[in-house]
Amino acid sequence: MARISPLTEHLLRRVAFSGTAEEIANFAELGYSGAVDALLNYDANAALAIDDKIRTPGYVGVVATREFTPNTNITDTRQRWLFRMVHSPAPLQEKMALFWHNHFATGYNKVAGVVGATDGARLMDARPSQDPGGQLGQIEMFRQKALGSFTDLLTGVAEHPSMSIWLDGRQNTRTSPQENFGREIMELFTFGVANYVEADVYAAARVFTGWNYQSIGDRATTNYAYSFIFNSAQHETTAKTFSFPIYSNGSKTIPARAATAGMQDGLDLITALATHPETAKRLARKLWSFFVSETKEPDNSWVDSIAAVYLSSGTLIKPTLKAVFMSPQFQDSANYFTRYAWPVEYVVRSLKQVGYLGFSVNDALTPLVNMGQTLYEPPDVSGWDLGTWWFSTGGMLSRMNFAAALASNQKFSLRDLSRPYKATPESMISNFALSRLTTRTPDQPVYDALVSYVRAGGTWTGSDTQLTNKAGGIIHLLTGSADYQFV
Amino acid sequence: MATTRRDFIRGGVSAFTLTFAAPAFISDLARAQGANRRNLVILYLSGGNDALSTLIPYTDPFYFSRRPTIAVPAGSVLQVGTDSSGKALGLHPRLTGLKQIWDQGHLALIQRTGYNNSSRSHFLGNDIWSTANVSNTTGSGWLGRYLDQLPTPIDPLAGWCTTSPVPHTLIGNFVTAPSIPSPSGYAFQSPNSGTEATYSRTAMTSIASHLPADRPQVAFVSGTAQAAMATLDKVGSVATYGGTVTYANNGLAQALKAVAGAMVKGIGTKVFWVQTGGFDTHANQGVNQTAGTYATNMATIGDSVLAFHNDLKNQGLLNDTCVLMFSEFGRRITENGSNGTDHGGAGVMFAMGGLVKGGLYGTAASLNPDASNPTLENSGGDIRFENDFRSVYARAIDNWLGANSVTLLNGDFKKSSLSYI
């Protein structure tokens with residue numbers, strides 16, 4: 001296999017979950033800007049339809065001892081998301097859903113502790129068209145709003161019942177404001193810890209008094225759903241003054257309003273935060289780390305240019321992302337392989353590049369826990385610790401062991417795929433394994449260790465027995481190596 | 001500019017460059033620590049522990065008036081006497097395990113610990129406690145710096161985190177500790193069996209030993225793989241440890257069991273990190289119930305630490321061990337509308353060990369909400385610190401680990417009244 005386009009490989013590692021050889025060839029044909037446009041302007045309906053392929057031949061497997069119920073059983077929900085990451089024709093949608101999952105990190109357990117396991121799963125990721133009550137889960141909302149306006153997304157997050165439970169907004173009352181959500185919307189969801197003072201936290205808590213959720217429909221059946229409600233009786237109506245401007249005229253005070261009109265307080269604060277220049281810069285920096293590089297800081301000029309697109313477009317994510325992908329820094333080969341793959345990125349890339357027929361994503365769930373990333377269960381509201389933090393001895397050992405389990409599962413398929421390259425150990429390594437994995441050319445000591453490994457145990461003849469052992473063996477060593485942990 | 005955990009990522013990478021310019025430290029497994037078996041165990045309560053529910057000023061009328069729903073009734077607390085200011089204090093009723101340790105004189109309670117202008121952010125607060133630096137939290141962790149200055153070659157198991165990722169506290173400029181969430185899961189797997197599996201392990205060990213100096217990020221990741229390969233067998237030996245007492249089947253108890261196992265097997269670890277969560281009790285704290293979030297947390301801690309204490313005592317290792325317990329901040333004095341408490345100021349630290357001088361250190365705050373009350377801050381809303389947390393660290397560094405606190409903490413924080421060890 002010849003490597004066609006390193007830039008396309010890079011684009012797919014970053015903007016998608018890496019590509020199979022076929023996908024790389026298809027995107028390479030479009031040219032770079034064509035490929036970017038194709039990834040950005042995906043067909044959301046086609047993406048929806050990928051669910052129909054679950055449990056059909058030719059796709060990665062899922063395991064359910066009973067009916068597969070991804071809208072109501074969190075284990076199945078996790079399997080469905082991994083399935084979508086592997087197979088969705090709109091990989092950027094899944095990538096951004098993951099990005100927002102980390103940004104607005106909400107954990108299933110606390111939600112389920114309040115509404116029960118079934119409704120907890122629904123609130124995390126139910127798809128309305130598949131749910132009898134029409135419930136929209138938080139992650140599905142991220143998919144819907146993935147590339148839209150950040151202001152709209154932030155509003156959706158603030159109103160979603162999952163957040164009302166997760167950060168206790170449901171218990172934020174007129175007489176006893178509760179600060180959890182008011183703090184985190186500033187510290188984590190928008191402009192960050194340096195841009196507000198403690199008094200702003202108290203004011204923000206009062207702003208969101210009365211934001212709550214309700215259950216609508218017949219609870220004796222499954223035909224009900226949770227939705228937002230503004231409970232004006234619990235809203236604190238006095239004016240709220242901040243240390244930063246809330247309105248375009250520079251006013252820092254949200255005026256006293258009648259309780260019935262009080263929801264506007266929260267909408268005003270959300271708009272102020274979403275359109276704050278420091279929010280624009282902070283999001284630009286997060287996008288840099290997620291898409292461009294984790295080993296180098298962005299230049300201020302890069303941050304400013306991305307922030308400017310964000311602000312001038314009215315906080316639209318799609319043009320902001322396009323500016324990121326079209327920037328020379330994104331395309332610079334010096335930035336290839338400078339992101340530490342998140343565990344789910346590592347797992348999905350491995351599945352796409354090693355193989356998945358006969359493998360079930362259920363068998364990736366426990367390894368993902370050990371690698372430090374359980375979908376729908378971020379460690380806290382700040383999301384996962386990224387970058388080098390993924391890599392501890394225990395975490396790395398879990399990656400190596402997942403590589404072993406997958407290579408073992410795929411060993412006969414890998415034997416057959418490697419047969420054209422069986423002439424020499426070197427051909428097995430370079431022409432078969434490295435091409436398949438789109439990894440960088442290994443340094444000489446690594447390469448030498450691989451050659452020694454293939455030669456260990458007897459003269460290389462390329463027999464089927466040797467191919468069965470060594471094809472999977474090489475793939476295990478490479479996908480378990482440090483190089484493959486970078487995208 | 002304020003910094004967050006994430007800003008440290010890049011600092012970490014450049015820091016590790018230095019490590020791998022001189023990779024000898026990790027390739028040599030010789031135990032250089034000699035006969036000194038002393039170790040320090042950090043037990044971090046993540047989320048901001050409500051100190052007023054842990055160590056309760058049960059005679060302060062404002063404790064009850066400001067916490068009408070969640071106050072622990074005076075009759076329920078486990079009394080531990082009065083502090084030097086004459087304030088009567090009691091442990092949470094579910095801390096019966098710690099009370100037993102207290103009764104043996106092995107538990108120190110250090111009140112009103114924190115720092116000036118305490119951060120109410122979990123993340124900044126945690127970074128401050130990790131780096132022991134209140135103004136710049138981008139650097140290494142204080143125990144990472146301790147590991148840095150051990151005599152070389154430094155054993156890769158000189159530090160041991162029972163959590164993953166490795167906490168900021170244990171990341172040094174040159175050395176970082178391995179994370180070993182479960183000794184029994186810490187084994188190498190291969191797609192093949194028999195001699196082919198041996199070939200795989202040999203090759204993986206060789207690949208992981210390549211630490212490219214021109215790509216520090218790869219060297220860093222490869223270093224974790226190398227350390228994993230180098231520690232497999234020793235950690236595997238800990239997996240078989242059964243304990244002389246029964247440890248409960250929860251994360252904290254099992255982590256402490258692994259720590260005890262590592263001590264008993266003589267691995268040579270100097271610093272252990274253990275963590276337990278669930279302390280961000282904005283709602284439904286339920287402290288005056290025999291059940292409820294907070295009470296369950298307390299029971300888990302009390303029972304787990306007691307099991308650990310008794311196991312070490314049976315093994316003759318209690319005098320080699322000092323446990324420090326703390327959280328990133330205390331919580332607001334007045335309860336909120338959802339039967340919980342929001343982020344607050346100073347907290348309480350615990351020290352436990354055979355050579356710990358048990359007792360109450362520091363003085364409790366008066367909870368009178370008068371804005372001029374000097375023991376409170378934030379207009380009487382939060383408890384003001386009395387003892388800098390770094391003074392507590394300093395005591396452990398100087399008097400227990402035998403290192404130099406002025407160097408490791410970048411300043412002299414020694415406070416003679418904190419003579420807990």
Side-chain angles (χ1 to χ4, degrees), chain A residues 167-168 171-173 175-180 183 187 192-194 198 201 289 294-297 338 340 370 372 380 382 385-398 400-401 404-405 407-408 411 443 445-446 449-450 452-453 456-457 469 472-473 476-477 480-483 485-486, chain B residues 1-2 4-6 9-10 12-13 16 46-47 120-124 161 164-166 178-182 185-192 195-196 199-200 202-204 206-210 212 216-222 224-225 227-228 231 280 282-283 335-338 340 342-343 378:
Chain A
L167 292 184
D168 307 309
Q171 291 167 314
N172 182 18
T173 59
T175 48
S176 287
Q178 213 266 23
E179 296 157 17
N180 206 0
R183 177 185 302 278
E187 176 176 344
V193 75
E198 201 61 12
V201 176
S289 297
E294 284 184 303
T295 61
K296 201 161 68 178
E297 292 283 353
T338 56
Y340 301 83
N370 295 331
D380 57 50
S382 76
D385 292 322
L386 312 177
T388 57
W389 295 96
W390 293 120
F391 293 93
S392 58
T393 50
M396 188 61 196
L397 195 57
S398 305
M400 292 192 274
N401 287 342
S408 177
K411 68 199 298 183
D443 290 343
V446 174
L450 289 164
S452 298
Y453 166 74
N469 287 330
H476 161 231
L477 292 171
S481 72
D483 270 335
Q485 311 314 314
F486 290 87
Chain B
M1 181 186 120
T4 69
R5 282 178 298 180
R6 294 198 173 91
I9 291 166
R10 292 168 194 92
V13 172
F16 285 110
S46 100
R120 268 69 167 171
S121 158
H122 295 294
F123 316 107
L124 185 56
C161 307
S164 185
V166 178
S179 83
I180 305 163
S182 160
Y186 203 81
F188 180 78
Q189 291 165 16
S190 160
N192 299 304
T195 45
E196 281 295 327
Y199 300 147
S200 288
T202 303
M204 194 64 101
S206 174
I207 289 169
S209 70
H210 176 58
Q217 73 274 17
V218 177
F220 170 75
V221 170
S222 211
T224 63
T231 52
D280 194 17
H282 286 280
E335 68 184 33
N336 65 23
S338 38
D342 293 317
H343 302 183
N378 190 17

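Basis for what follows: all heavy atoms, side chains included, without hydrogens, waters or symmetry-related copies.
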Run the salt bridge (Lys or Arg N to Asp or Glu O under 4.0 Å) test against E335(B) and tell me which residues pass, sequence neighbours left out.
none
Atom group of Q178(A) that falls short of 4.5 Å from chain B, counting heavy atoms:
both
For chain A, which of S338(B), G337(B), A225(B), S190(B) has the most heavy-atom pairs under 4.5 Å?
S338(B)
Looking only at heavy atoms and a cut-off of under 4.5 Å, which of G395(A), G457(A), G372(A) has the most pairs with chain B?
G457(A)
Highest number of heavy-atom pairs under 4.5 Å with chain A: which of S206(B), G47(B), G185(B), S200(B)?
S200(B)
Of the listed A449(A), S398(A), A456(A), the one with the largest count of heavy-atom pairs under 4.5 Å with chain B is A456(A)
Might you point out which heavy atoms bring P181(B) and G394(A) nearest each other, and give the distance in Å?
CD-CA, 4.3 Å
Considering all heavy atoms of both residues, which atom of D168(A) and which atom of A283(B) are nearest to each other, and what is their separation?
OD1-CB, 3.7 Å
Output for pair (F123(B) CZ, D385(A) CG), nearest 0.5 Å, gives 9.0 Å
Heavy-atom closest pair, residues V166(B) and W389(A):
O-CZ3, 2.8 Å
Please identify each residue that fulfils ring-ring contact (aromatic ring centres under 6.0 Å, His included) with H210(B), with sequence neighbours left out.
none
Interface check, chain B: of T175(A), D483(A), T338(A), most non-hydrogen pairs under 4.5 Å belong to D483(A)
N192(B) CG to K411(A) NZ distance, which is reported to the nearest 0.5 Å:
4.0 Å
Name the option with the most non-hydrogen atom pairs under 4.5 Å to chain B; the candidates are A404(A), G473(A), S452(A).
A404(A)
Answer with yes or no whether the side chains of N180(A) and H282(B) bring together a donor and an acceptor at under 3.5 Å.
yes
Can you confirm whether the side chains of E187(A) and S121(B) place a donor and an acceptor under 3.5 Å from each other?
yes
Donor-acceptor contact below 3.5 Å, side chain N401(A) vs main chain Q189(B):
yes
Nearest-0.5 Å distance that lies between atom CG in L450(A) and atom CD1 in I207(B)
4.5 Å
Mind listing the closest non-hydrogen atom pair of Y340(A) and F220(B) along with its distance?
CE2-CD2, 4.5 Å
Residue among D280(B), V218(B), I180(B) with most heavy-atom pairs under 4.5 Å to chain A:
V218(B)
For a quick test of reading the model, state the closest non-hydrogen atom pair linking L397(A) to A187(B) and the distance between them.
CD2-N, 3.7 Å
Under 3.5 Å, is there a donor-acceptor pair between the side chain of S392(A) and the main chain of P178(B)?
no
Return the minimal non-hydrogen interatomic distance between H476(A) and P191(B), and the atom names on each side.
ND1-CD, 3.2 Å
Side chain, backbone, both or neither: which part of N469(A) has an atom under 4.5 Å from a heavy atom of chain B?
both
With chain A, the option among A203(B), G340(B), A208(B), P212(B) that has the most non-hydrogen atom pairs under 4.5 Å is A203(B)
Using 0.5 Å steps for rounding, measure from the CE atom of M396(A) to the OG atom of S179(B).
12.0 Å
Please report the interatomic distance CD(Q217(B)) to CD(Q485(A)), rounded to the nearest 0.5 Å.
12.5 Å
